[in-house]
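What follows is a single structure, written as structure tokens, with notes after it.
Below, each value reflects all heavy atoms present in this structure, side chains not excepted, and no hydrogens, waters or symmetry copies. These figures come from a predicted structure and were not determined experimentally.
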There are 2 protein chains.
Amino acid sequence: MGIPAAAAGRPAGLPRVTRQGAAVRAALASRTEFVSAQELHAQLRGKGVGVGLTTVYRHLQALVDSKQVDVLQTPDGQTVYRLCAREEHHHHLVCRHCGRTVEIEGREVERWTYRIAEAEGFVDVEHTVEVFGTCGECAARRS
Amino acid sequence: MGIPAAAAGRPAGLPRVTRQGAAVRAALASRTEFVSAQELHAQLRGKGVGVGLTTVYRHLQALVDSKQVDVLQTPDGQTVYRLCAREEHHHHLVCRHCGRTVEIEGREVERWTYRIAEAEGFVDVEHTVEVFGTCGECAARRS
DNA sequence: TCATTACTGGTAATGGTTTCCATTACAGAA
DNA sequence: TTCTGTAATGGAAACCATTACCAGTAATGA
């Protein structure tokens, strides 16, 4: 073996498989809405799964870094996470009451962003596009 | 006098004019980029204007509530404020390095948002659309 | 099994924002 | 102008989500 595994460490990039990591991922998979790290932690604790809050944050961050999870900030400034179905770039339509989330795509928005940015001489552009509203069910319930 | 002014208080809605309020507004007017409450506070203190941080937050919030100031969260979660030129609904193209800000309007985005939301049965919709990038000057400087 | 070292998680520290509350000072009334 | 009620102020303390520390634990390759 040319490379001393011990010295080189893990094949660089592949994290170890741990009970906690799986738990966090599973908890996230069980929810279709965006949830905060704290909520997820509480959910796990509630089910008797011992996981530290620090660890929950770490795994969520790792999932975000590896593009497996989407993050966004709610209007009130909370950071929430979600395991999205589609891989490609997309946005979200989120119910501000029940958190129900619909993944949406917006070719037009992408084009618009690109065009505007170019016109103003901006490069390396990224955009934040999130839509919040009240879903039909919640609207009916609160009518 | 039918209504006892003392009991009724100010004509309801009109805030008192104070040195601090004017200072915060002036400080904000002196900047064309989005700035945080802390930055504004430091700027005022630096110029020898005695204003408490609490007061800065209060005035900024009041200005936001009265739609005179725009707020947004930077990608790293900081809340920043800006006194915008146009009254109407608009968005921003912000340089992530120097903070230079361009007000942009997006009829297409508005339409898109509305259409999508309606199709999914969402009502009372609001959207967050902010574009971050590197402006031409900063791009040149860092090339 | 063993050694290596990444992972874990309780606690403490951060840092931006808000709350408290005693003090100050606008602004209408007299 | 002076008086008064009360909104505005601001330092300190409280909040709270997130991060840093670091000693103990456990996953993995040999």
Side-chain angles (χ1 to χ4, degrees), chain A residues 1-27 34-45 48-66 69 71-81, chain B residues 1-27 34-45 48-66 69 71-81:
Chain A
M1 234 145 266
I3 303 168
R10 195 140 319 286
L14 297 179
R16 283 181 181 171
V17 173
T18 65
R19 175 176 62 77
Q20 294 88 339
V24 170
R25 175 181 272 277
F34 274 92
V35 289
S36 69
Q38 311 262 357
E39 279 180 273
L40 225 48
H41 179 244
Q43 175 181 323
L44 287 167
R45 280 297 171 88
V49 181
V51 183
L53 178 57
T54 304
T55 301
V56 172
Y57 272 107
R58 257 192 303 250
H59 281 288
L60 286 174
Q61 193 50 57
L63 288 167
V64 169
D65 290 343
S66 62
V69 161
V71 221
L72 68 79
Q73 317 238 114
T74 59
D76 58 38
Q78 255 208 307
T79 302
V80 286
Y81 308 80
Chain B
M1 225 144 272
I3 303 167
R10 197 142 316 289
L14 297 179
R16 286 181 180 173
V17 174
T18 65
R19 176 176 61 77
Q20 295 87 340
V24 170
R25 173 181 272 277
F34 274 90
V35 290
S36 69
Q38 311 262 355
E39 278 181 272
L40 227 47
H41 179 242
Q43 175 180 325
L44 287 165
R45 280 298 171 87
V49 181
V51 182
L53 178 57
T54 304
T55 301
V56 172
Y57 271 106
R58 258 193 301 249
H59 281 287
L60 287 174
Q61 193 49 58
L63 288 167
V64 169
D65 290 343
S66 61
V69 161
V71 222
L72 69 80
Q73 317 239 114
T74 59
D76 57 39
Q78 254 208 308
T79 303
V80 286
Y81 307 81

Just the rounded figure in Å: distance from [atom2] of [N] to [atom1] of [X].
X     : N      : atom1 : atom2 : result
A:L53 : C:dT11 : CG    : P     : 12 Å
A:D65 : D:dT19 : CG    : C1'   : 14 Å
A:F34 : D:dA17 : CZ    : C1'   : 18 Å
A:R58 : D:dA20 : CZ    : C1'   : 10 Å
B:H59 : C:dT17 : NE2   : C1'   : 16 Å
B:L40 : C:dT17 : CG    : C1'   : 15 Å
A:L60 : C:dT8  : CG    : P     : 12 Å
A:Q73 : C:dT17 : CD    : P     : 11 Å

Subject >> B:Y81 or A:V51, whichever maps to the more 5' nucleotide of DNA chain C >> reply: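 Counting from the 5' end, the first nearest nucleotide belongs to A:V51.
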Looking at the side chain of [X], which of [options] is the nearest nucleotide?
X     : options                : value
A:P15 : D:dT18, C:dC7, C:dT17  : C:dC7
B:R16 : D:dT18, D:dA8, D:dT28  : D:dA8
B:V17 : C:dG16, D:dA26, C:dA27 : C:dA27
A:Q38 : D:dT18, C:dC26, C:dG16 : D:dT18

Subject >> Helix axis bend for the helix from C:dT1-D:dA30 to C:dA30-D:dT1 - C1'-based end axes, five pairs, 10° rounding >> reply: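 Here the local axes at opposite ends form an angle of 30°.
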Residue-phosphate contact under 4.0 Å: [X] side-chain N/O, [N] OP1/OP2:
X     : N      : result
B:R45 : D:dG11 : yes
B:T54 : D:dG11 : no
A:R19 : C:dG9  : yes
A:Q20 : C:dG9  : yes
A:T55 : C:dG9  : yes
A:T18 : C:dT8  : yes
A:Y57 : D:dT18 : yes

**OP:** Look at all strands and tell whether B:T79 reaches a base, only sugar-phosphate, or nothing, counting heavy atoms closer than 4.0 Å.
**Re:**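 Contact class for B:T79: sugar-phosphate only.
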Original post:
So what does A:H41 touch, heavy atoms closer than 4.0 Å: a base, only the sugar-phosphate, or nothing?
Top reply: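 Counting heavy atoms under 4.0 Å across all strands, no contact is made by A:H41.
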Original post:
When rounded to the nearest 0.5 angstrom, what distance separates CD in B:Q78 from CG in B:L72?
Top reply: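 If we round to the nearest 0.5 Å, B:Q78:CD and B:L72:CG are 10.5 Å apart.
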Original post:
Which distance, rounded to the nearest 0.5 Å, do you find between the OG of B:S36 and the CD of B:Q43?
Top reply: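 If I round to the nearest 0.5 Å, the distance is 10.5 Å.
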**OP:** Indicate yes or no: at least one non-hydrogen side-chain atom of B:L44 is less than 4.5 angstrom from one of B:H41.
**Re:**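 Side-chain contact under 4.5 Å: no.
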Residues 50-65 of chain B, side-chain donor-acceptor partners within the protein, below 3.5 Å, at least two apart:
from	atom 1	to	atom 2	distance (Å)
B:Y57	OH	B:Q38	NE2	3.2
B:Q61	NE2	B:D65	OD1	3.0

